2 protein chains.
Amino acid sequence: MLEKSAFLLDVFTPDGGAYRLTELVAATGLSKPTVHRLTADLVRLGWLEREGARYRLGPKLFELGSLVPRRRDLRETALPFLQDLFEATREIVHLGVREDLEVVYLERIHGHEAVWLPSRIGGRLPLTCTGLGKAMLAFSDAELTERVLAGPLPGLTPFSVTDPERLSLSLEKTQVSGLAYEEQEAAEGVGCVAAPVFEGGSAVAAVSVAVPVARFRPARLAPAVRTAALGVSRALRGGAG
Amino acid sequence: MLEKSAFLLDVFTPDGGAYRLTELVAATGLSKPTVHRLTADLVRLGWLEREGARYRLGPKLFELGSLVPRRRDLRETALPFLQDLFEATREIVHLGVREDLEVVYLERIHGHEAVWLPSRIGGRLPLTCTGLGKAMLAFSDAELTERVLAGPLPGLTPFSVTDPERLSLSLEKTQVSGLAYEEQEAAEGVGCVAAPVFEGGSAVAAVSVAVPVARFRPARLAPAVRTAALGVSRALRGGAG
DNA sequence: ATGTTTGTTCCATGACACGGAACAGTTCCG
DNA sequence: CGGAACTGTTCCGTGTCATGGAACAAACAT
């Protein structure tokens, strides 16, 4: 019952789209009456919402999700620094954390003319295709890096690194510079520079700026990104008060 | 089972704090073994997380909540205008929608020295104590206003309006000016000016700026707030893609 | 040491989730 | 139009699994 509900809600995770009953049946493998009853219950609770024949995630989940302390507190202390970074660069600013082999986006700030990116708050992308991911990976313990290098490297664009050798080299570079770069590996036409956020010695998060390649000047962005990440790290040290 | 889980998770809604098993038993009225089993299941699903003897909302909920289309889309189209508003005022910027008799906060942008406020993303406050709430209430259909004026008016501070007469008057004023003001009604020492966001003729959201009373100059903030709210309304008209 | 509170495990009972099947309502195409 | 193919909904007998009392174990207080 509970597990089935979770399974059902997980169908929505990739992009939060809207699905019909039959699609949910197909995606979950549950029986039709079960999905029917389940969705009805979830709608009643506000966890799903129904518009015509389509189901979408409901407002109650938004409320609950926004209150998750881990995420909320980090986002809250990072926000002023992300604002600084946005004002300094006027480009798309990201904050993310690692979860298993993926980066989960916590915040995403942008202005009026933002290019398309696959990143969405609450969304997940492979560590190896994103600046955020590389920044965190470079400063995680070796066991994780090995796991990543062992498995096949997923790609989001033709430019995504899929060669373990090259990835390993790039991670070493960010280990000395404290900065991770990425060009067109997450989205074609977009580059990114990222820096890790530390808490208690380990990289718990990362900050990045994403820029259309046409005006992508990493050297100019680097100081601002570094400053922001450092600022967040200090604020985390400083405590929540 | 599902309903009990929802009931259990609702215990966390006010502030997302951490609770012990016994506290959850007391708050829900469920039996001890039931809560024990339920929390174990929820932890396994990532909906709760356990640290020692305390339970908190889990990361999975954050992911699901961030993907809720209604909220995400509005937040996404409003964000650039909120950024403009923040840069123009350098004060705390809010975006919120109405849900029943309360305002639910969707976004909250602030800089380094932010004063304390009861508002939290995903949190709820009474319509009548907040600028956002008044802005939306003033442009909702009369039936809602009557419901609000009928019931007892909740108060967050000694300054919160509790007199229906005065509230009604203040709503009329915002109907002509298109702006809602509030001084120390949500938090002592903080004033606020808000403007409604329209979509399809009705006020679906509102934008506000909150400022310490010491430097609260409503007339100076008004144009920026109005501009931001208008911009969001236009962007919503323009369509999501 | 002793009582008290909190967390965990066990188990017999019964409620209710389950899915096959049959029905209704829509859409699609000839 | 009309029938075929699909989707959404309801029904109901079966079997599962959630339920809470009770007993136990751990942690804490005094």
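In what follows, chains are A, B, ... by sequence order, proteins preceding strands, each numbered from 1. Bear in mind that the values here come from a model prediction, so they are computed numbers and not experimental data.
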>> Can you measure Leu2(A) atom CG to dC17(D) atom C1' for me and round it to whole angstrom units?
In response: 13 Å

Do any side-chain atoms of residues 148-155 of chain A form donor-acceptor pairs under 3.5 angstrom with protein atoms, and if so which ones, sequence neighbours left out?
none

>> Tell me every residue that passes side chain to side chain contact (heavy atoms under 4.5 Å, CB included) with Val43(A), counting only those two or more places apart in sequence or in another chain.
In response: Leu48(A), Arg50(A), Tyr55(A)

> Ion pair present between Arg147(B) and Asp100(B), side-chain N to carboxylate O less than 4.0 angstrom?
Replying inline: yes

> When you match Leu21(A) and Met1(A) each to their closest nucleotide on DNA chain D, which lands nearer the 5' end?
Replying inline: Leu21(A)

> Over its full length, what angle do the end axes of the helix from dA1(C)-dT30(D) to dG30(C)-dC1(D) make, each axis taken from five pairs and the result rounded to 10 degrees?
Replying inline: 50°

> Can you name the side chain to side chain contact (heavy atoms under 4.5 Å, CB included) partners of Arg44(B), sequence neighbours left out?
Replying inline: Glu3(A), Asp41(B)

>> Quick test of your reading of the model: are Glu199(A) and Arg70(A) salt-bridged, counting only N-O distances below 4.0 Å?
In response: no

>> Between P on dT6(C) and CD on Glu23(B), what's the gap in Å once rounded to a whole number?
In response: 9 Å

> Should Leu64(B) and Thr13(A) count as side-chain neighbours, where that means a heavy-atom distance under 4.5 Å?
Replying inline: yes

> Rounded to whole angstrom units, what separation is found between the CD atom of Glu3(B) and the P atom of dC16(C)?
Replying inline: 11 Å

> Does Val204(B) reach the side chain of Val97(B), with side-chain heavy atoms less than 4.5 Å apart?
Replying inline: no

> Just how far, in rounded Å, is P of dA17(C) from CG of Leu8(A)?
Replying inline: 15 Å

>> Short of 4.0 Å, heavy atom to strand atom, which residues of residues 24-46 of chain B count as contacting DNA chain D?
In response: Ser31(B), Pro33(B), Thr34(B), Arg37(B)

Mind listing the side-chain donor-acceptor pairs of residues 105-115 of chain B below 3.5 Å, one per line with the distance, residues two or more places apart or on another chain?
{"unit_1": "Glu107(B)", "atom_1": "OE1", "unit_2": "Arg75(A)", "atom_2": "NH2", "d": "2.5"}
{"unit_1": "Glu107(B)", "atom_1": "OE2", "unit_2": "Arg75(B)", "atom_2": "NE", "d": "2.7"}
{"unit_1": "Glu107(B)", "atom_1": "OE2", "unit_2": "Arg75(B)", "atom_2": "NH2", "d": "2.7"}
{"unit_1": "Arg108(B)", "atom_1": "NE", "unit_2": "Ser119(B)", "atom_2": "O", "d": "3.2"}
{"unit_1": "Arg108(B)", "atom_1": "NE", "unit_2": "Ser119(B)", "atom_2": "OG", "d": "3.2"}
{"unit_1": "Arg108(B)", "atom_1": "NH1", "unit_2": "Glu76(A)", "atom_2": "OE2", "d": "3.1"}
{"unit_1": "Arg108(B)", "atom_1": "NH1", "unit_2": "His110(B)", "atom_2": "ND1", "d": "3.4"}
{"unit_1": "His112(B)", "atom_1": "NE2", "unit_2": "Asp84(A)", "atom_2": "OD2", "d": "2.6"}

